[in-house]
Amino acid sequence: INAEYGKEKPVPPQATSLRPADQVYKQVLFDGRLEINDFFVVWDDRFLGHLEKPVAAFDTDNIPFHRIRQFRRRRSPDDDDDAEKDVVWDRNARIDVLKNK
């Protein structure tokens with residue numbers, strides 16, 4: 001008889017669910033605590049690879065949400081678009097720092 005049968009096993013952190021990209025996109029757009037101009041979306045283009053664009057200029061009509069790989073936030077409002085940014089949501093790394101904000 002297996003003594004472990006029926007006992008709950010702890011769920012590893014990577015197995016927890018990750019919010020879909022469209023929910024994160026809507027949070028950035030509509031959450032008044034977030035400044036939309038500080039956020040950028042990174043998506044996987046079939047021909048050009050990974051591309052980045054400000055969330056405010058992202059075209060949801062021509063780029064499907066399943067292609068989004070990351071959302072990033074500029075570190076300082078004074079940074080330009082080419083400055084280093086912090087990852088706030090990452091599909092592959094299963095990062096979502098905006099989830100409970």
Side-chain angles (χ1 to χ4, degrees):
I1 297 178
N2 185 351
E4 296 296 314
Y5 181 77
K7 290 186 178 179
E8 287 188 34
K9 295 181 181 178
V11 178
Q14 67 271 18
T16 59
S17 63
L18 182 69
R19 288 189 305 159
D22 65 313
Q23 287 183 10
V24 178
Y25 176 79
K26 289 174 186 173
Q27 181 182 4
V28 171
L29 284 182
F30 301 117
D31 189 334
R33 299 169 296 176
L34 303 176
E35 175 56 50
I36 189 172
N37 294 320
D38 289 344
F39 288 88
F40 295 79
V41 62
V42 178
W43 74 96
D44 188 26
D45 183 87
R46 287 184 286 178
F47 305 107
L48 302 173
H50 285 83
L51 299 175
E52 182 178 279
K53 186 178 263 193
V55 168
F58 186 66
D59 183 7
T60 59
D61 291 333
N62 294 318
I63 301 168
F65 283 106
H66 72 269
R67 294 206 175 273
I68 294 177
R69 298 293 170 239
Q70 288 183 335
F71 285 91
R72 298 178 182 172
R73 179 177 17 200
R74 67 176 88 221
R75 292 185 174 177
S76 167
D78 300 326
D79 289 347
D80 63 8
D81 289 355
D82 296 325
E84 192 169 337
K85 300 169 192 76
D86 293 323
V87 174
V88 295
W89 185 90
D90 186 302
R91 180 185 306 271
N92 294 338
R94 305 189 69 74
I95 296 170
D96 187 354
V97 299
L98 297 175
K99 187 171 188 173
N100 294 320
K101 299 261 181 210

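Hydrophobic clustering (side-chain heavy atoms under 4.5 Å, transitive across Ile, Leu, Val, Met, Phe, Trp, Tyr) keeps Leu51 apart from Val87.
Glu52 approaches Val42 most closely through the heavy-atom pair OE1-CG2, 3.6 Å. Listed here is the closest heavy atom pair of Arg19 and Val24: NH2-CG2, 3.7 Å. The two residues Leu34 and Val28 make their nearest non-hydrogen contact at CD1-CA, 4.0 Å. Among all heavy-atom pairs drawn from Lys99 and Ser17, the shortest one is NZ-O, 3.7 Å.
Scored by the side-chain hydrogen bond (donor to acceptor under 3.5 Å, both in side chains) test, Glu35 finds Asn37 as partners (sequence neighbours excluded). Remark: Phe71 pairs with Trp89 by the ring-ring contact (aromatic ring centres under 6.0 Å, His included) rule, at least two apart or across chains.
With a 4.5 Å cut-off on side-chain heavy atoms, Trp43 and Asp45 count as touching.
If you take CZ on Phe58 and CG on Leu29, they are separated by 10.5 Å, rounding to the nearest 0.5 Å. Distance CZ/Phe40 to CZ/Arg73: 12.0 Å, rounded to 0.5 Å. With rounding to the nearest 0.5 Å, the separation of CG in Asp96 from CD in Gln23 is 9.0 Å.
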List the atom pairs, donor and acceptor, that lie under 3.5 Å between side-chain atoms in residues 61-70 and the rest of the protein, sequence neighbours left out.
| unit_1 | atom_1 | unit_2 | atom_2 | d |
| --- | --- | --- | --- | --- |
| Asn62 | ND2 | Asp59 | OD2 | 2.6 |
| Arg69 | NH1 | His66 | O | 3.2 |
| Gln70 | OE1 | Arg72 | NE | 2.7 |
| Gln70 | OE1 | Arg72 | NH2 | 2.7 |
| Gln70 | NE2 | Asp90 | OD2 | 2.6 |

